[in-house]
Asker: 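Submitted below is the structure of interest, expressed as structure tokens.
Letters A, B, ... mirror the listed sequences (proteins, then strands); counts begin at 1.
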Amino acid sequence: MTKSIIWFRNDLRIKDNPALHDAVKNGEILAIYIYDSNESIGQASKYWLHNSLKSLNKDLNNKLNVYSGKPLQILNKLIKKFDITNIYWNRCYDPYSIKRDSEIKTKIKKQEIEIKSYNGSLLFEPWEIKKGNNDFYKIFTPFYKSCITNILQPNPPIKNKTPKKYINDKNSLNIDDLKLLPKKDWYKKFDKIWNISEKSAHKKLDSFIKNKLSNYKNGRDFPALNNVSELSPYLHFGLISPHQVFHKINSLRKSEQTEHFIRELIWREFSYYQLYHQPQIINRNLRPKFNNFKWANSDKLLQSWQQGKTGIPIVDAGMRQLWQTGYMHNRVRMIVGSFLVKNLRLHWKHGAEWFYDKLLDADIASNSASWQWVAGTGIDSSPYFRIFNPITQSQKFDKDGEYIRKYVPELSKIPNKYLFEPYITPDDILKKCNIKMGETYPMPVVDLKESRKKALDCFKKL
DNA sequence: TGAAATGTTGGGGCG
DNA sequence: ACGCCCCAACATTTC
């Protein structure tokens, strides 16, 4: 008779959960989640985690046991208390978790307990994809090609049985005891926007396929259309697996649209891949040349960016969408990222930190890789001279100003002609629209032309 | 998954 | 009719 621990981590789902699948094969299971306070997770993530745990607990008939503290200690206690024979989990790929998990594995295996780990979060294990010379890929396109032509086609989702025989630990905490919800009620508006459960993740995918996929390739660029899947936060905590997403899309008639969407899934893979092979991606420039770069240093500018008060409407709209919804449209992420790093010349780490704290889909792999991409400090990244012009970008991708008006309502009355650069609006029009530049809406914190030139100068010196 | 500067072309106005 | 100039539209180069 086996007694198994299923240790849930970033795989908070029942279906297509390989660790759970094996854990329930025979014997009893103790389903656990450990809140590891050494692991740094952002405030928005905590909100998502809280709700995901609640939902998972429900799906497990209230049999999820919850702990807070050091995983090794807690596991050891549980092993003794319940005569545990097996432990199952799905892998994490960030350097902290890898170190923690391998330590746990070596120490607990000595006690003749079987530990098995699985791939529950990625289409491909980062060590599976390699160049001919055994080196790892540093450029996306060849990585992508290797993934989609790989003989190692991603496995189809597995069909899980729901656990039948549970072990109950009376000393389990309540999920509320973890105090994951931020003190400020800033997150309360999220409740109206997001349904957080395994079931909702699949609903989201289905409605994306039904309503958005047919115009994904082009539509994904227009923030007001929101023609994107919004699956990122579900994927991060594993409420849905990339296998489930991949196989559902892949079962449809192949088209430009499906291919492009899968390409985006592979971008997610590429971020994990880079993190695995170059964990320094989290806090060091992958191109050391940038170590000598003279970043500007200004709390005032940083704050204007964080608060969405830069005086550049599309940037402010994006930053406010993030604050209000825990999410930001991909196109706008690139615009605000370019603006922070190139126009304000602030270090990409400031951007990464803010996003990591405020995004519901905060993910150390995607976040780090994407900021290094925007900043040009990554290996396969946007070149230093690619500087987005937020005015042009908003004229192209939000030409009716729908997105800007939604998140920057104080500008809603301005005619489109001036919406994208309100500071050039003639006084009489400003007056009609009840706008006082510098009071009801800020003047731009930097001059776009000048700051662009300055950035190019500085980058060139490298 | 850019933008600006620079170069080229070609149509139309005009002497 | 022709050459010249202007300039918009497009293409290429550069950052």
Asker: Describe the nucleic acid contact of Lys217(A) in one word from base, sugar-phosphate, nothing, applying a heavy-atom distance below 4.0 Å.
Answerer: nothing
Asker: Between Tyr356(A) and Trp354(A), is the ring centre distance below 6.0 Å?
Answerer: no
Asker: Classify the ring geometry of Trp89(A) against Trp7(A): parallel below 30°, tilted from 30° to 60°, perpendicular beyond 60°.
Answerer: perpendicular
Asker: Rounded to the Å, how far apart are Leu456(A) CG and dG2(B) P?
Answerer: 16 Å
Asker: Does the ring of Phe140(A) carry Lys145(A) above it, NZ/CZ under 6.0 angstrom from centre and within 45° of its axis?
Answerer: no
Asker: Closest approach to the side chain of Lys460(A), judged atom by atom: which nucleotide of dT1(B), dA3(B), dC15(C) is it?
Answerer: dC15(C)
Asker: Would you mind reading off the distance between Asn330(A) atom CG and dT1(B) atom C1', rounded to a whole angstrom?
Answerer: 8 Å
Asker: At less than 4.0 Å, is any side-chain N or O atom of Arg386(A) found next to OP1 or OP2 of dA4(B)? Yes or no.
Answerer: no
Asker: For Glu125(A) and Tyr276(A), which I'm curious about, is there any donor-acceptor pair between the side chains at under 3.5 Å?
Answerer: no
Asker: Please tell me if Lys449(A) has a side-chain N or O lying less than 4.0 Å from either OP1 or OP2 of dA3(B).
Answerer: no
Asker: Would you say Asn389(A) places a side-chain N or O within less than 4.0 Å of OP1 or OP2 belonging to dA4(B)?
Answerer: yes
Asker: Between atom CD in Gln372(A) and atom P in dT1(B), what is the gap in whole Å?
Answerer: 20 Å
Asker: Hey, is the side chain of Gln393(A) poking within less than 4.0 Å of OP1 or OP2 on dA3(B), counting only N and O atoms?
Answerer: yes
Asker: Go through dA3(B), dC15(C), dT1(B) for me and flag the one nearest to the Tyr384(A) side chain.
Answerer: dC15(C)
